[in-house]
Amino acid sequence: MSDAVEGPDGPNVEEDSVVLDAKGLRALAHPVRVQLVGLLRKHGPSTATRLAERLGVNSGTASYHLRQLGAAGFVEEDTGRGNARERWWRSVHRTTWFNDPELAEREPEAALAYQQSIAAIHTMRTQQTLNGLQTMPRAWRNTFDLSDWALRLTPEETATLYQELAEVVSRYRRDAPETAASAPEGAERVAVITQILPEPDVRTASSLPSGPPEEEGNPTS
(Lines give C-alpha, C1' and ligand atoms only; values in the text may rest on other atoms or scores of the structure.)
Protein backbone atom coordinates (compact mmCIF):
# COMPACT_ATOMS: atom_id res chain seq x y z
CA MET A 1 0.00 0.00 0.00
CA SER A 2 2.94 2.30 0.32
CA ASP A 3 4.09 2.50 -3.28
CA ALA A 4 7.62 2.45 -1.97
CA VAL A 5 10.51 2.08 -4.38
CA GLU A 6 14.00 0.96 -3.52
CA GLY A 7 16.70 0.50 -6.11
CA PRO A 8 20.43 -0.18 -6.22
CA ASP A 9 21.25 3.05 -8.04
CA GLY A 10 20.12 6.65 -7.88
CA PRO A 11 16.43 6.88 -8.74
CA ASN A 12 14.89 8.75 -11.61
CA VAL A 13 12.72 10.51 -9.04
CA GLU A 14 9.35 11.72 -10.23
CA GLU A 15 8.01 15.14 -9.41
CA ASP A 16 5.44 13.77 -6.99
CA SER A 17 7.89 11.49 -5.13
CA VAL A 18 9.76 11.88 -1.86
CA VAL A 19 13.31 10.66 -1.23
CA LEU A 20 13.72 9.55 2.37
CA ASP A 21 16.20 11.39 4.54
CA ALA A 22 17.00 10.50 8.16
CA LYS A 23 13.94 12.34 9.52
CA GLY A 24 11.62 10.76 6.99
CA LEU A 25 13.05 7.29 7.52
CA ARG A 26 12.53 7.52 11.27
CA ALA A 27 8.99 8.81 10.74
CA LEU A 28 8.13 5.80 8.58
CA ALA A 29 9.80 3.26 10.84
CA HIS A 30 6.39 2.04 12.00
CA PRO A 31 4.12 -0.34 10.05
CA VAL A 32 0.93 1.59 10.81
CA ARG A 33 2.38 4.79 9.36
CA VAL A 34 3.53 3.01 6.21
CA GLN A 35 0.04 1.59 5.76
CA LEU A 36 -1.65 4.95 6.42
CA VAL A 37 0.41 6.64 3.73
CA GLY A 38 -0.35 3.77 1.37
CA LEU A 39 -4.10 3.95 1.95
CA LEU A 40 -4.20 7.71 1.31
CA ARG A 41 -2.25 7.24 -1.92
CA LYS A 42 -4.44 4.40 -3.08
CA HIS A 43 -7.90 5.68 -2.13
CA GLY A 44 -7.44 9.42 -1.77
CA PRO A 45 -8.22 11.73 1.19
CA SER A 46 -9.82 10.20 4.26
CA THR A 47 -10.40 10.64 7.97
CA ALA A 48 -8.65 8.97 10.87
CA THR A 49 -11.83 7.08 11.70
CA ARG A 50 -12.20 5.59 8.21
CA LEU A 51 -8.51 4.75 7.98
CA ALA A 52 -8.62 3.12 11.42
CA GLU A 53 -11.49 0.89 10.28
CA ARG A 54 -9.48 -0.29 7.26
CA LEU A 55 -6.43 -1.07 9.41
CA GLY A 56 -8.29 -2.58 12.35
CA VAL A 57 -6.94 -0.08 14.89
CA ASN A 58 -8.72 2.52 17.02
CA SER A 59 -9.19 6.04 15.71
CA GLY A 60 -6.96 7.51 18.41
CA THR A 61 -4.03 5.41 17.18
CA ALA A 62 -4.67 6.44 13.59
CA SER A 63 -4.94 10.11 14.57
CA TYR A 64 -1.66 9.98 16.46
CA HIS A 65 0.24 8.43 13.58
CA LEU A 66 -1.34 10.82 11.06
CA ARG A 67 -0.13 13.76 13.14
CA GLN A 68 3.37 12.28 13.20
CA LEU A 69 3.26 11.80 9.44
CA GLY A 70 2.03 15.36 9.05
CA ALA A 71 4.93 16.70 11.11
CA ALA A 72 7.32 14.79 8.86
CA GLY A 73 5.70 16.12 5.68
CA PHE A 74 4.18 12.90 4.33
CA VAL A 75 0.53 13.87 4.79
CA GLU A 76 -1.34 17.13 5.22
CA GLU A 77 -4.78 18.23 6.27
CA ASP A 78 -7.28 18.47 3.43
CA THR A 79 -8.87 21.78 4.40
CA GLY A 80 -11.40 21.60 1.57
CA ARG A 81 -13.15 18.68 3.22
CA GLY A 82 -14.73 17.96 6.56
CA ASN A 83 -15.64 20.32 9.37
CA ALA A 84 -14.57 21.24 12.88
CA ARG A 85 -15.45 17.76 14.13
CA GLU A 86 -14.07 15.77 11.22
CA ARG A 87 -10.47 16.18 10.07
CA TRP A 88 -9.51 14.91 6.62
CA TRP A 89 -6.00 13.97 5.54
CA ARG A 90 -4.35 13.52 2.15
CA SER A 91 -0.98 12.23 0.98
CA VAL A 92 1.58 14.79 -0.13
CA HIS A 93 3.43 12.41 -2.48
CA ARG A 94 2.62 9.51 -4.82
CA THR A 95 5.71 7.39 -4.19
CA THR A 96 8.55 7.02 -1.70
CA TRP A 97 12.17 6.39 -2.66
CA PHE A 98 14.72 4.85 -0.31
CA ASN A 99 18.04 3.78 -1.78
CA ASP A 100 20.73 5.46 0.34
CA PRO A 101 23.17 2.84 1.70
CA GLU A 102 24.93 5.43 3.89
CA LEU A 103 21.63 6.48 5.45
CA ALA A 104 20.77 2.82 6.09
CA GLU A 105 24.11 2.41 7.88
CA ARG A 106 23.54 5.53 9.99
CA GLU A 107 19.97 4.54 10.87
CA PRO A 108 20.08 0.73 10.86
CA GLU A 109 17.11 0.16 13.16
CA ALA A 110 14.86 2.62 11.34
CA ALA A 111 15.93 1.28 7.94
CA LEU A 112 15.24 -2.31 8.98
CA ALA A 113 11.86 -1.43 10.49
CA TYR A 114 10.82 0.42 7.34
CA GLN A 115 11.98 -2.34 5.00
CA GLN A 116 10.31 -5.02 7.12
CA SER A 117 7.05 -3.06 6.96
CA ILE A 118 7.27 -2.87 3.17
CA ALA A 119 8.01 -6.61 2.93
CA ALA A 120 5.05 -7.41 5.21
CA ILE A 121 2.72 -5.24 3.10
CA HIS A 122 3.88 -6.97 -0.08
CA THR A 123 3.18 -10.35 1.51
CA MET A 124 -0.26 -9.18 2.62
CA ARG A 125 -1.07 -7.93 -0.89
CA THR A 126 -0.11 -11.29 -2.37
CA GLN A 127 -2.19 -13.19 0.17
CA GLN A 128 -5.22 -10.96 -0.39
CA THR A 129 -5.04 -11.63 -4.13
CA LEU A 130 -4.68 -15.37 -3.55
CA ASN A 131 -7.69 -15.38 -1.23
CA GLY A 132 -9.84 -13.73 -3.88
CA LEU A 133 -8.39 -15.44 -6.92
CA GLN A 134 -11.14 -18.01 -7.45
CA THR A 135 -13.87 -15.36 -7.48
CA MET A 136 -12.09 -13.07 -9.96
CA PRO A 137 -13.27 -12.84 -13.56
CA ARG A 138 -11.36 -15.36 -15.65
CA ALA A 139 -9.65 -12.61 -17.68
CA TRP A 140 -8.03 -11.24 -14.52
CA ARG A 141 -7.44 -14.67 -12.99
CA ASN A 142 -5.41 -15.61 -16.04
CA THR A 143 -3.09 -12.61 -15.55
CA PHE A 144 -2.04 -13.62 -12.03
CA ASP A 145 1.56 -14.78 -11.77
CA LEU A 146 4.07 -15.82 -9.11
CA SER A 147 7.46 -16.52 -10.69
CA ASP A 148 11.09 -16.43 -9.68
CA TRP A 149 14.28 -16.78 -11.67
CA ALA A 150 17.68 -17.61 -10.19
CA LEU A 151 20.41 -15.59 -11.92
CA ARG A 152 24.15 -15.33 -11.34
CA LEU A 153 25.07 -11.66 -11.75
CA THR A 154 27.62 -9.11 -10.68
CA PRO A 155 26.46 -6.13 -8.60
CA GLU A 156 26.73 -3.97 -11.74
CA GLU A 157 24.59 -6.38 -13.77
CA THR A 158 22.03 -6.51 -10.97
CA ALA A 159 21.79 -2.72 -10.94
CA THR A 160 21.26 -2.75 -14.70
CA LEU A 161 18.54 -5.38 -14.34
CA TYR A 162 16.70 -3.17 -11.85
CA GLN A 163 16.92 -0.13 -14.12
CA GLU A 164 15.59 -2.10 -17.10
CA LEU A 165 12.67 -3.44 -15.06
CA ALA A 166 11.86 0.07 -13.84
CA GLU A 167 11.91 1.39 -17.39
CA VAL A 168 9.43 -1.26 -18.51
CA VAL A 169 7.02 -0.48 -15.67
CA SER A 170 7.29 3.27 -16.31
CA ARG A 171 5.86 2.80 -19.80
CA TYR A 172 2.48 1.82 -18.37
CA ARG A 173 -0.33 3.93 -16.90
CA ARG A 174 0.14 4.89 -13.26
CA ASP A 175 -2.77 4.44 -10.85
CA ALA A 176 -4.09 7.35 -8.81
CA PRO A 177 -7.53 8.13 -7.37
CA GLU A 178 -7.82 11.31 -9.44
CA THR A 179 -7.02 9.56 -12.76
CA ALA A 180 -9.13 6.41 -12.33
CA ALA A 181 -12.13 7.96 -14.10
CA SER A 182 -10.12 8.68 -17.25
CA ALA A 183 -8.65 5.17 -17.55
CA PRO A 184 -9.90 2.92 -20.36
CA GLU A 185 -12.94 0.74 -19.72
CA GLY A 186 -11.98 -2.45 -17.94
CA ALA A 187 -8.82 -0.99 -16.37
CA GLU A 188 -8.25 -1.97 -12.74
CA ARG A 189 -5.45 -1.44 -10.25
CA VAL A 190 -2.59 -3.90 -10.81
CA ALA A 191 0.22 -4.18 -8.26
CA VAL A 192 3.62 -4.92 -9.80
CA ILE A 193 6.01 -5.94 -7.03
CA THR A 194 9.68 -6.45 -7.82
CA GLN A 195 12.14 -8.02 -5.42
CA ILE A 196 15.83 -8.34 -6.15
CA LEU A 197 17.28 -10.54 -3.42
CA PRO A 198 21.07 -10.93 -3.41
CA GLU A 199 22.27 -14.23 -1.94
CA PRO A 200 26.06 -13.83 -1.66
CA ASP A 201 26.40 -16.40 1.14
CA VAL A 202 24.55 -19.28 -0.51
CA ARG A 203 26.55 -22.52 -0.47
CA THR A 204 28.18 -23.58 -3.70
CA ALA A 205 26.50 -26.19 -5.88
CA SER A 206 29.04 -28.85 -4.88
CA SER A 207 28.00 -28.59 -1.23
CA LEU A 208 24.29 -28.89 -1.91
CA PRO A 209 22.46 -32.23 -1.73
CA SER A 210 21.99 -33.90 -5.07
CA GLY A 211 18.54 -34.22 -6.57
CA PRO A 212 16.44 -33.28 -9.57
CA PRO A 213 16.64 -29.58 -10.47
CA GLU A 214 13.65 -27.43 -9.66
CA GLU A 215 11.98 -25.50 -12.45
CA GLU A 216 12.20 -21.74 -12.04
CA GLY A 217 10.37 -18.88 -13.62
CA ASN A 218 7.16 -20.80 -14.17
CA PRO A 219 3.97 -18.79 -13.73
CA THR A 220 1.39 -20.25 -11.38
CA SER A 221 -1.59 -18.95 -13.29
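Note that these values count all heavy atoms, side chains included, but never hydrogens, waters or copies made by symmetry.
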ILVMFWY network linking Met124 to Ile193, side-chain heavy atoms under 4.5 angstrom: no
Steps toward side chain to side chain contact (heavy atoms under 4.5 Å, CB included) verdict (Gln127, Thr123): CA-CA 6 Å; Gln127 194 60 56; Thr123 300; 5.5 Å; no
Sub-4.5 Å side-chain heavy-atom contact between Ser46 and Arg54: no
Joint cluster assignment, Val168 & Val190, ILVMFWY side-chain distance < 4.5 Å: no
Nearest heavy atoms of Pro200 and Pro198, plus distance in Å: CD-C, 3.4 Å
Spacing of Asp100 atom CG and Glu105 atom CD [to the nearest 0.5 Å]: 9.0 Å
Trp88 CH2 to Arg50 CZ distance, which is reported to the nearest 0.5 Å: 4.0 Å
Closest non-hydrogen atom pair between Arg141 and Gln134, with its separation: NH1-O, 3.8 Å
pair Thr158-Tyr162: side-chain heavy atoms closer than 4.5 Å: no
Backbone of Ser91 reached by a side-chain donor or acceptor of Arg41 within 3.5 Å: no
Rounded distance (nearest 0.5 Å) linking atom CZ of Arg33 with atom CG of Leu28: 8.5 Å
Common cluster, Phe144/Val169, ILVMFWY with side-chain heavy-atom separation under 4.5 Å: yes
Derivation and outcome, side-chain hydrogen bond (donor to acceptor under 3.5 Å, both in side chains), residues Arg174 and Thr95: CA-CA 11 Å; Arg174 292 293 302 275; Thr95 56; 4.9 Å; no
Same cluster (ILVMFWY, side-chain, under 4.5 Å), Leu55 and Tyr64: no
Side-chain heavy-atom pair Thr129, Met136 within 4.5 angstrom cut-off: yes
Validation row: His122, Gln195 side chains within 4.5 angstrom (heavy atoms): yes
Thr160 side chain to Glu156 backbone, donor-acceptor under 3.5 Å: yes
Interatomic spacing from CG in Leu40 to CZ in Arg94 - rounded to 0.5 Å: 10.0 Å
Heavy-atom closest pair, residues Ala139 and Thr143: O-CG2, 3.2 Å
Residue pair His93 / Gly73: nearest heavy atoms and the distance that separates them: CE1-O, 3.3 Å
Val19 with Val92, same ILVMFWY side-chain cluster at under 4.5 Å: no
Heavy-atom side-chain proximity of Tyr114 to Leu20 below 4.5 angstrom: yes
Whether His30 and His65 hold their rings parallel, tilted or perpendicular, with breakpoints at 30° and 60°: tilted
Leu36 side chain near Val75 side chain, heavy-atom distance below 4.5 Å: no
Straight-line distance of Gln68 CD to Ser63 OG, nearest 0.5 Å: 11.5 Å
For Phe74 against Ala27, the heavy-atom pair lying closest together: CE1-CB, 4.0 Å
Leu197 and Asp148: CA distance, side-chain angles, deciding distance, side chain to side chain contact (heavy atoms under 4.5 Å, CB included) verdict: CA-CA 11 Å; Leu197 307 175; Asp148 71 288; over 6 Å; no
Heavy-atom closest pair, residues Leu25 and Leu103: CD2-CG, 4.0 Å
Approximate separation, where rounding is to 0.5 Å, of Glu109 CD and Glu107 CD: 9.0 Å
